[in-house]
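Some notes on the structure that comes next.
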2 protein chains.
Amino acid sequence: MDIKIVDVARLANVSPTTVSRVLNNNPIVKPKTRDAVLKVIEELKYVPHAAAKNLRQQKTMTIGVIVSDIKVSYNTDIVKGIQTKAYAQKYKVVICDTQNDLDIEREYLRLLMDRSVDGIILVASLLPEQEIVDLAERGFAVGIIGRRIDRANVLNVHTDNVSAAKEAVEHLIGQGHRDIVFLSGYANAKDSYDRLEGYIKALGMHSIPFRPELVENGNFNETGGYEAFARLKEKGLTFSAVFSANDEMALGVYEYCNEKKIGIPGEVAIVGVDNDRVSKYLTPSLSTIDQPKYDMGFLLAEKLIRSMNGEAEVPRVSVLNSRLIVRQSSTTYSR
Amino acid sequence: MDIKIVDVARLANVSPTTVSRVLNNNPIVKPKTRDAVLKVIEELKYVPHAAAKNLRQQKTMTIGVIVSDIKVSYNTDIVKGIQTKAYAQKYKVVICDTQNDLDIEREYLRLLMDRSVDGIILVASLLPEQEIVDLAERGFAVGIIGRRIDRANVLNVHTDNVSAAKEAVEHLIGQGHRDIVFLSGYANAKDSYDRLEGYIKALGMHSIPFRPELVENGNFNETGGYEAFARLKEKGLTFSAVFSANDEMALGVYEYCNEKKIGIPGEVAIVGVDNDRVSKYLTPSLSTIDQPKYDMGFLLAEKLIRSMNGEAEVPRVSVLNSRLIVRQSSTTYSR
DNA sequence: TTGTAAGCGTTATCAC
DNA sequence: GTGATAACGCTTACAA
C-alpha cells in the first residue's frame, strides 16, 4: 500500500529514475535492467501514486463527464460512446450526475476545475451559454453534447432538431392528422425551441395554421407530460396527435390515456424524441426520433482528446443526423 | 489557469500558509485577513490544484464505483444511493463501466489502485471472491453490493436472494402453478445459485417434485432469456409459469411469447427479479422482486466512508429485504 | 494570529 | 544506459 518508487529502486539496485523509465516504457533502458525492475515491481505489487505523477506532469489523462441524470438512457448511451473513445486513447472517464439541478452542476464544474481532469464534457447541460464560454476562456478543454452552441473553443456535437421535429410532424400529417399538439420541454432549452420551430415549419409546409393553444410545456419529464396533456384535455381542445419533445413526456401521455381509456393511436397518435430504452417495450410501441447518441459521445470525445493534445485544427461543431423510427403509436393501420 | 497559492498570497500580502488556512476554513485566521484573502481568491479565480493537495494529504475524498453496465437500471439506482451519501459527506464519486467484461473490470481496479480514490465499491462484480479479498488485504477500503460475501475487511450489502426467490415461487404456486421453470443467470453467479435454492425450497414446501429439466440458463440478458425459453419450448416440456432470475431475461421471454402468440399470463405466468425500469411499462406489466437498490448503495457508501475514516466498529455485512411486486404477468384474474 | 520550511512521490533535466 | 537533483503546488509542524 505504501510502497514507492524508491523501494522498488533499492530492491532492484537501480535509481528511481530507471524505475520511472521502465514504468513509462522508455526504450532506452537495457532489456536486462528492465526485466529486473519489472520483477521487483511485480514482487512488491508496486503501483505508482497518481497524485505525484499528475502533479509532476500537470495532467491526469482523465476526462470529466457531467450528466444531467445517469438513469436516462439518452445520457448513458452518450457516455458509452465517450468511454469507448476515451479508453482507446488511455483516458479515464469520471462521471458526475447533477440530478438535473443547475446548482449541483455548477458545483461539479468547480470540482473538476481543480485539474483532476484534463477536459470536461457536458451532456444535457442546463448551464447558461455564457458560463460555458467562460470556462473555455479560462483555458479548459470543454465540449458539450446535444445542445447547439457555436462559440470559440467550445467543442460541440448535436443533431438538427429543427429538421428532425419537422420530419416527425410531417409523418403525423402524412397519417392524416391536422390538429397536432406540441409538448415542449423547459422554455429556456434551445433543444425544445428548435423542435418547436420544426413543428411550426411542418405545419406551414402543409398549410395548416399554427394554433398556439396546442403547445404545452411538460418540462421534459413523465409527470410533466401527464399534466400537460391533462391540461389540454381539460380545456376541451380537439386534436388527434401529439408530438412530444421527448419520450419521457410521452410516457406521461400514455399513462393519462390508459387511465381515461383513450386509444393510442386510434384517438391520439404520438411521436416522441430520444428513442428511450423503454419506448420500444410500450404498448403500443412508441414512434420516436432516434439520435445517434453513442456516435455523438464518441465523436465529441475524439474532438476533445485531439484538442487537449494541442491539435489546432479540430472542427469545432459537428451536426449528426437523427432519424424517425415509426412504430405503432403513430400508425393507424397496424395493431 | 496556472494561478497558484503563492500568487494569491503575494497579492493578499500574506503567506501561502494563511491562504491555505483560509481555503480549509481554519477558524484561527482573523476575519479581516480571511476576507482579504477571499477577495483575492475571487479576483484571481484561484482553484487549488487537486494533485498537489492529494499528494500532500494522501487522500482524495473520492470513491471509485465499478459497475458492470451503466445502462442497467439496477446499477444506476445503486449508484444514485452511493452518490447521495457520498456527496453529503463531501466525497466525490467516480464511476467506471466494465461492460460486463471481467478483464476490463480488472483493468479498472488496477487503475483505481493508484490512490486516485480512497475507497472502491463494486456493483454487480464478476471478480472472483479471492481477488476481492486480496484487494482488502492490500489495505484498500473495499465494499461490494448485491453479492453476498463475508470476508474480513470487505464491506457488503446484499439482499436475501434465497427467501426472495422462495417468495416469488410461492406466489406462483399460490396462483395454481405447479410446473414452474427457473431461468438462471451465469452458472458461477452466487446470486443465481441462491435464487435456485429458493426456488427448490419453495417447491419442496409444497411437495412439488423438483424437475431439473425445467432449469435453463439465460445468462442474465434478454437474448439469453429468449433462447433459454425457446429451448424449453422446443423440447416440448410442459409448464405454466416462469421464474426468471432477472427482468432482462424475462424481456426475452416476452419477445418469444409475442412472436409465438403465447398468452401472458394465461398460458405462461412470469415473475422476474430487479424491478427494472421497463418492467412496469410492459404489457402485461411484469411481476418482479424489487430490491432496495438505492438504500443498498446509500448504506454501503456509509459503511465505506466510516471505515475510511478509521472507525473500527463498522458492521461488515448488512442484509436488506427485497419485496415481491405483483403485477399482471403472474395474476390470472386481472388485465 | 501568522510565517518559515520541509516534505508528499513522481518525472525532467542534466551530468556522467 | 544510468543516476543525482530539482521541481510540481500544496499542507503541516514548528517557530515567532
Side-chain angles (χ1 to χ4, degrees), chain A residues 1-38 40-41 44-62 90 110-118 139, chain B residues 1-38 40-41 44-62 90 110-118 139:
Chain A
M1 190 64 174
D2 24 24
I3 290 153
K4 33 197 144 177
I5 206 167
V6 289
D7 301 320
V8 176
R10 203 146 27 214
L11 208 67
N13 281 313
V14 295
S15 73
T17 310
T18 299
V19 178
S20 173
R21 286 194 184 105
V22 171
L23 288 168
N24 295 285
N25 294 312
N26 188 326
I28 212 174
V29 292
K30 206 166 28 170
K32 210 168 157 180
T33 325
R34 161 189 212 76
D35 291 346
V37 170
L38 284 175
V40 175
I41 288 174
L44 262 42
K45 294 186 190 296
Y46 164 73
V47 180
H49 195 296
K53 183 176 177 134
N54 293 345
L55 176 58
R56 180 62 236 227
Q57 305 200 131
Q58 299 288 54
K59 66 175 179 185
T60 62
M61 295 300 285
T62 305
K90 303 287 179 199
R110 216 165 315 148
L111 222 55
L112 295 186
M113 301 210 308
D114 67 0
R115 276 140 292 183
S116 54
V117 299
D118 298 339
Chain B
M1 190 64 176
D2 25 23
I3 289 151
K4 33 197 145 179
I5 205 167
V6 289
D7 300 321
V8 177
R10 203 147 26 216
L11 209 67
N13 281 314
V14 294
S15 73
T17 311
T18 299
V19 178
S20 172
R21 288 194 183 105
V22 170
L23 288 168
N24 295 286
N25 294 313
N26 190 325
I28 212 176
V29 293
K30 204 163 33 167
K32 209 169 156 181
T33 326
R34 161 190 213 74
D35 291 346
V37 171
L38 284 175
V40 176
I41 288 174
L44 262 42
K45 293 190 191 292
Y46 165 71
V47 179
H49 196 294
K53 182 175 178 139
N54 293 345
L55 178 57
R56 178 62 231 232
Q57 304 200 133
Q58 297 288 54
K59 65 175 181 184
T60 62
M61 295 300 286
T62 305
K90 305 284 178 202
R110 215 166 314 149
L111 223 53
L112 296 186
M113 300 210 308
D114 67 0
R115 277 141 292 185
S116 54
V117 298
D118 298 338

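In what follows, chains carry the letters A, B, and so on, assigned in the order in which the sequence lines appear, proteins first and then strands, with residues in each chain numbered from 1.
Considering only side-chain atoms of B:Val14, the nucleotide from C:dT10, C:dT11, C:dG3 that sits closest is C:dG3. When the nucleotides C:dT4, C:dT11, D:dT11 are ranked by their closest atom to the side chain of A:Lys53, C:dT11 comes out on top. Nearest to the side-chain atoms of B:Arg21 among the listed nucleotides C:dT2, C:dG9, D:dC10 stands C:dT2. Here the nucleotide nearest the side chain of A:Thr33, chosen from D:dG1, C:dG3, C:dT2, is D:dG1. Candidate nucleotides C:dT10, C:dC8, D:dT11 were compared by shortest atom distance to the side chain of B:Gln58, and C:dC8 ranks first.
Screening B:Leu44, B:Val14, B:Thr18 against B:Val8 for a side chain to side chain contact (heavy atoms under 4.5 Å, CB included) leaves a single residue, B:Leu44.
Rounded to whole Å, atom P of D:dT11 lies 11 Å from atom CG of B:Asn26. Straight-line distance from the CG atom of A:Asp7 to the C1' atom of C:dT10: 13 Å, rounded to whole Å. The distance from atom CG of B:Leu55 to atom P of D:dT12 is 12 Å, rounded to the nearest whole Å. Rounded to a whole Å, the NZ atom of A:Lys4 is 4 Å from the P atom of C:dG9. Summarising the geometry, the separation between CG on B:Leu23 and P on D:dT12 is reported as 12 Å, rounded to the nearest angstrom. What separates CE of A:Met61 from P of C:dT10 is a distance of 18 Å, to the nearest Å. Rounded to whole Å, the distance from CD1 on A:Ile5 to P on C:dG7 is 19 Å. Straight-line distance from the NZ atom of A:Lys30 to the P atom of D:dG3: 10 Å, rounded to whole Å.
Heavy-atom distances to DNA chain C give each of A:Tyr46 and B:Asn13 a nearest nucleotide, and the one nearer the 5′ end belongs to B:Asn13. Of the residues near DNA chain C, B:Gln57 and B:Arg34, the one whose nearest nucleotide (by heavy atom distance) lies more toward the 5' end is B:Arg34.
Using a 4.5 Å heavy-atom threshold, the side chains of A:Leu23 and A:Ile41 count as touching. Proximity of A:Val40 to A:Val19: side-chain heavy atoms (C-beta onward) are nowhere separated by under 4.5 Å. Between B:Lys45 and B:Ile3 the shortest side-chain heavy-atom distance does not fall below 4.5 Å. Side-chain atoms of A:Arg34 and A:Asn26, non-hydrogen and from C-beta on, never get closer than 4.5 Å to each other. With contacts defined as side-chain heavy-atom distances shorter than 4.5 Å, the pair A:His49/A:Leu55 does not qualify.
Side chain B:Thr17 to base D:dT11: no donor-acceptor pair is found below 3.5 Å. Below the 3.5 angstrom threshold, one finds no donor paired with an acceptor across the side chain of A:Arg56 and the base of C:dT10.
For the helix from C:dT1-D:dA16 to C:dC16-D:dG1, the end axes, each set by the C1' atoms of five terminal pairs, are bent relative to each other by 30° (nearest 10°).
Note on A:Thr18: only backbone sugar-phosphate atoms sit closer than 4.0 angstrom, heavy atoms only; bases stay farther off. Backbone-only engagement by A:Asn24 is indicated by non-hydrogen atom pairs under 4.0 Å involving sugar-phosphate atoms exclusively. Within 4.0 Å (heavy atoms only), A:Val6 reaches no atom of the nucleic acid at all.
Using a 4.0 Å cut-off between charged nitrogen and carboxylate oxygen, A:Asp7 and A:Arg10 count as a salt-bridge pair. With respect to the salt-bridge test (charged N to carboxylate O, under 4.0 angstrom), the residues A:Asp35 and A:Lys32 do not qualify.
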